[in-house]
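One structure below.
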Amino acid sequence: MDNKTPVLLDGKALSAKVRAELSAEAKKNAEKYGRPPCLVVILVGEDPASQIYVRNKEKACEDIGYQSRMIVLPTETSEDELLALIDELNADKGVDGILVQSPLPKQIDAHKVAVRIAPEKDVDAFHPANVGLIALGRNDGFKPCTPAGVIRLLKEYNIPIAGKDCVVVGRSNIVGKPMALLLISEGATVTVCNSKTKDLGKKTSEADILVVAVGKAGLITADMVKEGAVVVDVGMNRSEGKLCGDVAFDEVAPKCSYITPVPGGVGPMTIAMLMENALKSQELNQRD
Ligand code: NAP
């Protein structure tokens, strides 16, 4: 392969394909269960970025043909009020998936919220029961949307994972850590880096597959990437009103065999995987 022209991992196109498949499945479920999957998204407060994310999720539900309910609560909502609402939704047979948009206001403990959502309605896969199933390499729980989207994208382009040296930069509970677990389950040899990692460039330049999830524009430069590597940029940074990733795309891309664009790479896959989890939540909740 000519390394001067990397293949772009087109998350936008794959997301559209996945959504079309889900739309067909939603119709089948509507016949089987009397309604399509129903996702409830809770937003506490008025964070502008969160408002956009929540609207995008609502729109994805509409496009696919799911039912959706958006619940917007005031910033001063107490933890007890939110937990009581979650209890109600857990018990509601008309609700399959529940998602609480982060970040939450400071008076609410995100961990308490994560453990309160019934594991079979936990479409974000933040509940310890789902995290545990991922660690065990099982497919019967939910997988976290962003890491699952990365794996789906790699598979769509027939990029082998087993036996590859993978480096994940970032160790958050939402992206880095579960990303490493999913790659391990696929048979990769995985190194996970963080802000305290010694000589980050030495680690990243050994990667056959490099996944970056940090939140710092331009962190990964050409000298930190091996010739022919596959580079997946999860980062989402806004500079001068433009969205960019953590990878200095223009200088890194010529060294890669495959690379994700930002926007249009991992971002659209995250929503597609959320929609896939919502479909699965209906299967799990209507099973008995
Ligand atoms: P996070 O919770 O802030 O975690 C960032 C991670 O990066 C931490 O583990 C941190 O290390 C590590 N880090 C910080 N500076 C570093 C450095 N100089 N070298 C190596 N590691 C460093 O962020 P997150 O929630 O995982 O999100 C990461 C990025 O992905 C953000 O830009 C976010 O917007 C984006 N994101 C995108 C999507 C999508 O759908 N595309 C979804 C989720 C997140 P320590 O743990 O040592 O502090």
Side-chain angles (χ1 to χ4, degrees), residues 8-15 18-19 41 47-57 59-60 99-104 110-111 114 123-126 131 134 142-154 166-183 190-207 210-221 223-225 231-239 242-249 252 259-277:
L8 287 183
L9 296 169
D10 188 343
K12 201 171 165 200
L14 178 54
S15 162
V18 170
R19 287 179 191 217
V41 179
D47 177 54
S50 296
Q51 286 173 337
I52 296 173
Y53 296 145
V54 164
R55 258 203 306 277
N56 287 345
K57 288 164 189 173
K59 184 163 184 314
L99 179 157
V100 179
Q101 185 65 46
S102 54
L104 286 164
H111 179 69
V123 286
D124 259 340
F126 292 166
V131 178
I134 297 155
F142 294 105
K143 296 210 172 97
C145 305
T146 302
V150 172
I151 299 283
R152 179 65 70 86
L153 203 46
L154 295 174
C166 296
V167 175
V168 179
V169 188
R171 57 165 165 173
S172 71
N173 289 333
I174 298 178
V175 189
K177 233 182 266 175
M179 184 74 250
L181 289 171
L182 294 186
L183 288 166
V190 182
T191 303
V192 185
C193 303
N194 61 62
S195 63
K196 295 168 185 69
T197 295
K198 280 185 288 172
D199 201 349
L200 181 67
K202 184 164 179 283
K203 309 275 189 312
T204 57
S205 53
E206 280 165 11
L210 175 62
V211 182
V212 191
V214 171
K216 286 191 177 149
L219 177 72
I220 304 297
T221 47
D223 56 312
M224 298 167 81
V225 177
V231 174
V232 178
D233 191 352
V234 180
M236 282 198 319
N237 310 293
R238 260 170 224 288
S239 81
K242 261 184 74 184
L243 191 65
C244 67
D246 292 339
V247 175
F249 185 90
V252 170
I259 187 167
T260 52
V262 179
V266 176
M269 290 309 299
T270 297
I271 291 213
M273 295 299 99
L274 173 67
M275 295 297 119
E276 194 167 272
N277 280 351

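Order of appearance sets the numbers: ligands from 1, and atoms from 1 within every ligand.
- Taking all heavy atoms of Val232, Leu274, Val234 into account, the minimum distance to atom 30 (O) of ligand 1 is reached by Val234.
- Protein heavy atom nearest atom 15 (N) of ligand 1, with residue, atom name and distance: Lys216 NZ, 3.0 Å.
- Polar contact check, Asp246 against ligand 1: no nitrogen or oxygen pair lies under 3.5 Å apart.
- Residue Thr197 does not touch ligand 1, judged by heavy-atom distances below 4.0 Å.
- Interatomic distance, Ile271 CD1 to Asn56 CG, rounded to the nearest 0.5 Å: 5.0 Å.
- Of all protein heavy atoms, the one lying nearest to atom 42 (C) of ligand 1 is Thr146 OG1, 3.2 Å.
- Which of Asn194, Val214, Ile271, Ile174 comes nearest to atom 23 (O) of ligand 1 through a heavy atom is settled by distance: it is Val214.
- Taking CD1 of Ile174 as the start and CE of Met179 as the end, the distance is 14.5 Å to the nearest 0.5 Å.
- Among the atoms of Met236, some N or O lies under 3.5 angstrom from an N or O of ligand 1.
- Set against the non-hydrogen atoms of Leu219, the atoms of ligand 1 under 4.0 Å away are 18 (N).
- Here the shortest heavy-atom distance to atom 31 (C) of ligand 1, taken over Ala49, Ala213, Gly215, belongs to Gly215.
- Residues Val167 and Cys193 meet the side-chain proximity criterion, which asks for heavy atoms closer than 4.5 Å.
- Of all the heavy atoms of Met269, none lies under 4.0 Å from any atom of ligand 1, so neither backbone nor side chain is involved.
- Under the rule for a side-chain contact (heavy atoms from CB on, under 4.5 Å), the partners of Asp246 that lie at least two apart in sequence or sit in another chain are Val212, Val214, Asp233, Asn237.
- In terms of protein heavy atoms, atom 8 (C) of ligand 1 is closest to Arg171 N, 4.0 Å.
- Residues Val262 and Phe249 fail the side-chain proximity criterion, which asks for heavy atoms closer than 4.5 Å.
- In terms of the side-chain contact (heavy atoms from CB on, under 4.5 Å) criterion, residue partners of Asn194 (sequence neighbours excluded) are, by chain and number, Arg171, Lys196, Thr197.
- Summarising the local packing, NZ of Lys12 is surrounded by 12 or fewer heavy atoms from other residues, nucleotides or ligands at distances under 6.0 Å.
- Considering only non-hydrogen atoms, atom 17 (C) of ligand 1 lies nearest to Ser195 out of Ser195, Gly267, Ala217.
- Note that CG of Leu274 and CZ of Phe142 are 10.0 Å apart. Values are rounded to the nearest 0.5 Å.
- The NE2 atom of His111 sits 13.5 Å away from the CG atom of Leu104 when rounded to the nearest 0.5 Å.
- Close approach of ligand 1 to Val169 (heavy-atom distance below 4.0 Å) involves ligand atoms 20 (C), 21 (N).
- Not a single heavy atom of Cys193 sits closer than 4.0 Å to an atom of ligand 1.
- Put simply, no part of Gly176 is less than 4.0 Å from ligand 1, judged by heavy atoms.
- Using a 4.0 Å cut-off between heavy atoms, Thr270 contacts ligand 1 through its side chain alone, with no backbone atom that close.
- Rounded to the nearest 0.5 angstrom, Ile134 CD1 and Lys143 NZ are separated by 8.0 Å.
- Looking only at protein heavy atoms, the nearest one to atom 27 (O) of ligand 1 is Val175 CG2, 4.3 Å.
- Looking at atom 26 (O) of ligand 1, its nearest protein heavy atom turns out to be Ser172 OG, 2.5 Å.
- One finds the OG atom of Ser15 at 11.0 Å from the CD atom of Glu276 (value rounded to the nearest 0.5 Å).
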